[in-house]
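Remarks on the structure that follows.
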Protein chains: 2
Amino acid sequence: MDIHQLRVFISVFKNKSFSKAAKELFLTQPTISEHIKTLEEELNCILFDRLGKIIIPTKEAEILYQNAQEIIEKLEELKDTLQKIKSKPSGNLHIAASSIPGTYILPKLISSFKNIYPEISIQIDISDSNSVIESIISGEILLGVVGTKLHKSKIEYLPFMDDELVIVSPNSIEESYIEPEEILKYPFITREEGSGTRKEMEKWLRQMGLDIQKLNIVCTLSSTDAVKEAIKNGLGISILSIHSIRDELEYKKIKIIRIKNYRMNRTFYIATHTMRTLPYVYKIFYEFLKEKAFSL
Amino acid sequence: MDIHQLRVFISVFKNKSFSKAAKELFLTQPTISEHIKTLEEELNCILFDRLGKIIIPTKEAEILYQNAQEIIEKLEELKDTLQKIKSKPSGNLHIAASSIPGTYILPKLISSFKNIYPEISIQIDISDSNSVIESIISGEILLGVVGTKLHKSKIEYLPFMDDELVIVSPNSIEESYIEPEEILKYPFITREEGSGTRKEMEKWLRQMGLDIQKLNIVCTLSSTDAVKEAIKNGLGISILSIHSIRDELEYKKIKIIRIKNYRMNRTFYIATHTMRTLPYVYKIFYEFLKEKAFSL
DNA sequence: AGATTCTGATAAAATTTTTCTATGGATATT
DNA sequence: AATATCCATAGAAAAATTTTATCAGAATCT
């Protein structure tokens, strides 16, 4: 059954005439006749008694009229709903991010996003870049923020924010610029094996040509905050994202030591699946991030 | 939009596959593709993300799924309703009848009809045959019972019951068979001018070759009951339908005088419009009357 | 009563939509 | 790397919708 037929029926019922319905719907009268006939056959009942000049709807027509109207209304409503979720973003935003973006970058951005779209609720899952990408591929998550590019064919990466890894030390250390090898001189605080940050750290040390085995590791901790506390208390130095020590730097609780002629820069990316359609809320958030990119 | 497309969509959504939907609906996979494409265009949104081997429904698809199911359910329900009013007769039966059938024949029949179909409520409008036919032609009434055929082209008449008009007299009169002219001897009670029964009476007297002016009219009354009372009290004779004096004859309150070699027979008909469709309740009642025809 | 003007029905042609076959490219599985 | 399975696309075939043209019946108006 076609909705079109129901519309035709409704017009005939209202106009009490096949030909008037034809005019109303910009169709010809035989077309109307045909549609009513089809409906009558499909529903196995007579809808109009043709008395020559006038037609009279049957009881069946009265029932059909009520229901047909409801069905068409429901359909219009549905179309409306589908349009509205495009124009009035609300709902749940479930995103994943690796630890630095998830902990130090997104919360601030999300706070200002919530000011614009208060009805949108947001959930951030923090894990490492690898898990974030995996959950996007598996379809669990539609949008992530990561610091590494993986599975390049299936994931679209939009550069979104720069990060710099710096050597963070207690204020007690006087030097501000050192050679890479000098790192080995200082007591070093590290993250637990397997953590994303640990891998990242090792990658950079290797890149500077340092043998990780030769590090003077005094402590292994399992969170960035714990590492920061250890540094504040003069336990040693570590390598951290500049984003993670914004406050501590401002209040001069710790200091940065830079390596001569060397910067540990990296970029965070917004990661999405190349083939998935983002619901409107996600698109909005995506555009928002794009606009705010590189602003911190 | 075709309901068919919604069914296709629902199948794809449930099966999470175009080709499985094709199998389920006995269509080919390209047909399914085409239908989903059409829907997507009509609703102006993507319904499934095609990730190669698997498809994932979008948010829009989730919404459409809910609504499409409801719409289809509503449609099935509607078809059901239209079938049910065929199988479970209930509702209102509005019929018209001329005075004798309406007063003395139908009540009894309706009583036994109600025993079979208790949910059907019945209204009888009693008027003269002319008005009954007019109200059928005007569409006000779908079924009537009358004693005369009028407007034969538009009305279908089904013979339904015989009537005999008899001369009714007080028990005090001894004769039981008289010649037509002898009617003039007796004091005569008549109905008011314009009433159907009066016209009928005049018609029969004229047919017997009697001059109505010569009747010895002692009283003009406006209901059959009043006439009967008058006869019981010995005021005079009258001509009445045999149906209207069934009880009085049984208890011998009055007597019948017949005319030698002459019978005032007529037939009652069930009258319906040739072009109107009878709702199922009416059809049932019509069949019921047909079955009970000539049974009283 | 007869002409006119409504009404809807019908047949045949034109058009549009639906469906199929065949094929291709992509992804997942072994 | 080979195979199987998935969806998309193009073109042909089938089915449906719609139109034009015409008819017959009913109401209306001389």
Side-chain angles (χ1 to χ4, degrees), chain A residues 1-9 11-42 46-58 61 134 136-139 151-155 273-277, chain B residues 1-9 11-42 46-58 61 134 136-139 151-155 273-277:
Chain A
M1 187 189 305
D2 202 318
I3 297 302
H4 187 39
Q5 292 171 347
L6 291 184
R7 284 189 212 281
V8 167
F9 166 76
S11 179
V12 171
F13 190 95
K14 276 189 185 162
N15 287 301
K16 300 178 197 312
S17 156
F18 283 42
S19 39
K20 278 183 194 140
K23 274 176 197 159
E24 182 173 287
L25 301 172
F26 303 104
L27 293 169
T28 60
Q29 171 265 311
T31 303
I32 307 292
S33 287
E34 186 58 33
H35 280 311
I36 297 298
K37 198 172 135 196
T38 309
L39 258 184
E40 288 183 329
E41 278 161 12
E42 184 164 351
I46 293 165
L47 293 171
F48 297 100
D49 286 328
R50 286 78 155 172
L51 311 187
K53 192 112 173 164
I54 61 164
I55 59 170
I56 297 178
T58 61
E134 284 307 323
I136 292 175
I137 287 174
S138 77
H151 280 282
K152 290 196 186 173
S153 66
K154 288 187 176 182
I155 306 284
H273 197 298
T274 40
M275 306 298 282
R276 296 289 302 274
T277 303
Chain B
M1 187 190 302
D2 202 319
I3 299 301
H4 187 39
Q5 292 171 349
L6 292 184
R7 285 189 211 280
V8 167
F9 166 77
S11 178
V12 171
F13 190 95
K14 277 188 184 160
N15 288 301
K16 301 180 197 310
S17 155
F18 282 41
S19 39
K20 279 183 193 139
K23 274 176 197 159
E24 181 172 290
L25 301 173
F26 304 105
L27 293 170
T28 60
Q29 169 267 311
T31 303
I32 307 293
S33 287
E34 186 59 35
H35 279 312
I36 297 298
K37 199 172 136 196
T38 310
L39 257 184
E40 288 184 327
E41 277 160 15
E42 183 165 351
I46 293 164
L47 293 170
F48 296 99
D49 286 327
R50 286 79 156 173
L51 311 188
K53 194 104 174 166
I54 61 162
I55 59 169
I56 297 179
T58 61
E134 284 308 321
I136 291 175
I137 288 174
S138 77
H151 281 282
K152 291 196 186 172
S153 67
K154 289 185 175 182
I155 305 285
H273 198 297
T274 39
M275 308 298 282
R276 296 289 301 275
T277 304

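Convention: sequence-line order gives letters A, B, ...; per-chain numbering from 1.
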(request) Report the residues that fulfil side-chain hydrogen bond (donor to acceptor under 3.5 Å, both in side chains) with B:T28, sequence neighbours left out, ordered by chain and then residue number. (result) B:T31
Taking only N/O atoms, report every protein-nucleotides 17-21 of chain C pair under 3.5 Å with atom names and distance.
unit_1	atom_1	unit_2	atom_2	d
C:dT19	OP1	B:H4	NE2	3.2
C:dT19	OP2	B:H35	NE2	2.2
C:dC20	OP2	B:T28	N	2.9
C:dC20	OP2	B:T28	OG1	3.1
C:dC20	OP2	B:T31	OG1	3.0

(request) Scan for salt bridge (charged side-chain N to carboxylate O under 4.0 Å, His left out) pairs involving residues 46-57 of chain B, sequence neighbours excluded, and state none if there are none. (result) A:R276-B:D49, B:E40-B:R50
(request) With sequence neighbours excluded, tell me which residues meet side-chain contact (heavy atoms from CB on, under 4.5 Å) with A:K20. (result) A:N15, A:S17
(request) Apply side-chain contact (heavy atoms from CB on, under 4.5 Å) to B:E134 and list each qualifying residue two or more places apart in sequence or on a separate chain. (result) B:N130, B:H151
(message) At 4.0 Å (heavy atoms only), tell me whether B:K154 reaches a base, stays on the sugar-phosphate, or touches nothing.
(response) sugar-phosphate
(request) Would you check if A:H4 and A:L27 make a side-chain contact, meaning some heavy-atom pair closer than 4.5 Å? (result) yes
(message) If you compare every side-chain N and O of A:S33 against the phosphate oxygens of C:dA9 (OP1, OP2), does one of them come in below 4.0 Å?
(response) yes
(message) Can you tell me how the ring of B:F13 sits relative to the ring of B:F48, calling it parallel under 30°, perpendicular over 60° and tilted otherwise?
(response) tilted
(request) Find which nucleotide of DNA chain C each of B:L51 and A:R50 is nearest to by heavy atoms, and output the residue with the more 5' nucleotide. (result) A:R50
(request) Rounded off to whole Å, could you give me the CD1-to-C1' distance for the A:I32 and C:dT10 pair? (result) 16 Å
(request) Would you mind reading off the distance between B:M1 atom CE and D:dA16 atom P, rounded to a whole angstrom? (result) 21 Å
(message) Rounding to an integer number of Å, can you tell me how far A:L6 CG sits from D:dT17 P?
(response) 13 Å
(message) How about CD1 on B:I3, more than 12 heavy atoms from neighbouring residues, nucleotides or ligands closer than 6.0 Å, or not?
(response) yes
(request) Check every strand shown and say whether A:I55 touches a base, only sugar-phosphate, or nothing at a heavy-atom separation below 4.0 Å. (result) sugar-phosphate
Distances under 3.5 Å only, N/O to N/O: pair up the protein atoms with those of nucleotides 12-14 of chain D.
none

(message) Any non-hydrogen side-chain atom of A:I55 less than 4.5 Å from a side-chain atom of A:V12?
(response) yes
(request) Work out which heavy atom in A:F9 is nearest to a heavy atom in A:A61; give both atom names and the distance. (result) CZ-O, 3.3 Å
(request) Could you check how far CD1 of A:I46 sits from P of C:dA9, rounded to whole Å? (result) 12 Å
(message) Do A:Q29 and A:S33 have side chains that approach each other closer than 4.5 Å (heavy atoms only, starting at C-beta)?
(response) yes
When you compare the protein's N or O atoms with those of nucleotides 2-5 of chain D, which come within less than 3.5 Å of each other, and at what distance?
unit_1	atom_1	unit_2	atom_2	d
D:dT5	O4'	B:K53	NZ	2.9
D:dT5	O2	B:K53	NZ	3.2

(request) Quick one: list whatever passes side-chain hydrogen bond (donor to acceptor under 3.5 Å, both in side chains) with B:T274, sequence neighbours left out. (result) none
(request) Looking at every strand, decide which applies to B:I54 at a 4.0 Å heavy-atom threshold: base, sugar-phosphate, or nothing. (result) nothing
(request) Could you state the atom-to-atom distance from CD1 of A:I56 to C1' of C:dG8 in whole Å? (result) 14 Å
(request) To the nearest Å, give me how far apart CZ (B:R276) and P (D:dA26) are. (result) 16 Å
(request) Take the C1' atoms of the five end pairs on each side of the helix from C:dA1-D:dT30 to C:dT30-D:dA1, get both axes, and report the angle to 10 degrees. (result) 30°
(request) Starting at atom CG of B:D49, determine the distance to atom C1' of C:dA26, rounded to an integer number of angstrom. (result) 16 Å
(request) Report the distance from atom CD of A:E42 to atom P of D:dA16, rounded to the nearest whole Å. (result) 12 Å
(message) Once salt bridge (Lys or Arg N to Asp or Glu O under 4.0 Å) is applied, do any residues pair with B:E34, and if so which ones, sequence neighbours excluded?
(response) none
(message) Going by the rule salt bridge (Lys or Arg N to Asp or Glu O under 4.0 Å), which residues pair with B:E24 if we only count those two or more places apart in sequence or in a different chain?
(response) none
(message) Applying side-chain contact (heavy atoms from CB on, under 4.5 Å), can you list everything that pairs with B:K14, at least two apart in sequence or on another chain?
(response) B:I10, B:Y65, B:Q69
